[in-house]
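Scroll down for the structure; my scribbles are underneath it.
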Amino acid sequence: MPRDTLTADRIVRAAIELLDEEGLDGLNMRSLAKRLGSAATAVYWHIKTKDELVRLAGDAIWHEVELPDLDAIDWRTAATAHASGMHAMLTRHPWLVQAFGGHLLHGPGQARHDDLGLAIYEKAGFAPADADRAAGTVFTFVLGNALGPAAQVSLNRRLGRNGADAGQLMADAMTRATETAMRFPRLRERLGTTAAAEYAAAPDDTFAFGLRSILDGFEARLTADRGGRRE
């Protein structure tokens, strides 16, 4: 059977798979070429640098985020779907969170997402400058909320590569963290409680709570602004 023709799109899709499995540290042209059944020189023919490859892979996964139809739903429902879709995408591809800190990321996939974010907050009633701020606030919140799980994936992978027992190291660290927390009254009260267990089991509840709180604040601000204009 003839080998599939190597294209930039095939390379990017394979890079996303490799990044999902190995993270940013595991991405190199030799490993990628092996996955593609090709030579590293053939990969370089299509994509010149690892930085460019990360940029293209990072932009491609933004297309996974389904954009809500602003003509069919209200702004708040759209904002919730928009932010939740981004959060789900970052959870599936934790390496993108880390890539923001070390790569220049841009492209039509992210621009498409960002443009709709501005449209959502303009539809809500914000002036263009405040729509920028609102969209930026939500983006920062979603990115920050995805940072913890992404860091955990990266840590587990690094510990595993060093030949260590990642589970035991994590258990030891949690024991020491618990001993430290016992010195502080509010942390001590929560240790071993149902609330603490529920948070560990379902951290998305925290994301939903935070997003609702931000949108509540936006709604209150818009209501106050409309009231001020009527006076």
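- With sequence neighbours left out, the side-chain hydrogen bond (donor to acceptor under 3.5 Å, both in side chains) criterion links Glu64 to Arg92, His93.
- Judged as a side-chain hydrogen bond (donor to acceptor under 3.5 Å, both in side chains), and not counting sequence neighbours, Asp114 has no contacts.
- For Asp71, the side-chain contact (heavy atoms from CB on, under 4.5 Å) partners two or more places apart in sequence, or in a different chain, are Asp69.
- Every side-chain contact (heavy atoms from CB on, under 4.5 Å) that Thr49 has, sequence neighbours left out, goes to Asp51, Glu52.
- Remark: Arg35 engages Glu21 in a salt bridge, criterion side-chain N to carboxylate O under 4.0 Å.
- Within the structure, ring-ring contact (aromatic ring centres under 6.0 Å, His included) pairs that include any residue of residues 120-141 comprise Phe100-Phe139, Tyr121-Phe218, Phe126-Phe218, Phe141-Phe207 (at least two apart or interchain).
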Sequence neighbours left out, cut at 3.5 Å: what donor-acceptor pairs do the side chains of residues 129-136 make with other protein atoms?
from, atom 1, to, atom 2, distance (Å)
Asp130, OD1, Arg133, NH1, 2.6

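- Taking the side-chain hydrogen bond (donor to acceptor under 3.5 Å, both in side chains) definition, one finds that Ser213 meets it with nothing, sequence neighbours left out.
- Counting only residues at least two apart or on different chains, no ring-ring contact (aromatic ring centres under 6.0 Å, His included) pair has a member in residues 8-52.
- Every residue two or more places apart in sequence or in another chain that forms a salt bridge (Lys or Arg N to Asp or Glu O under 4.0 Å) with Asp216 is listed here: Arg76.
- Residues satisfying the ring-ring contact (aromatic ring centres under 6.0 Å, His included) test with His103, not counting sequence neighbours, are none.
- Residues that satisfy the side-chain hydrogen bond (donor to acceptor under 3.5 Å, both in side chains) test with Asp115, not counting sequence neighbours, are absent from this structure.
- In this structure, Trp75 has no ring-ring contact (aromatic ring centres under 6.0 Å, His included) partners at least two apart in sequence or on a different chain.
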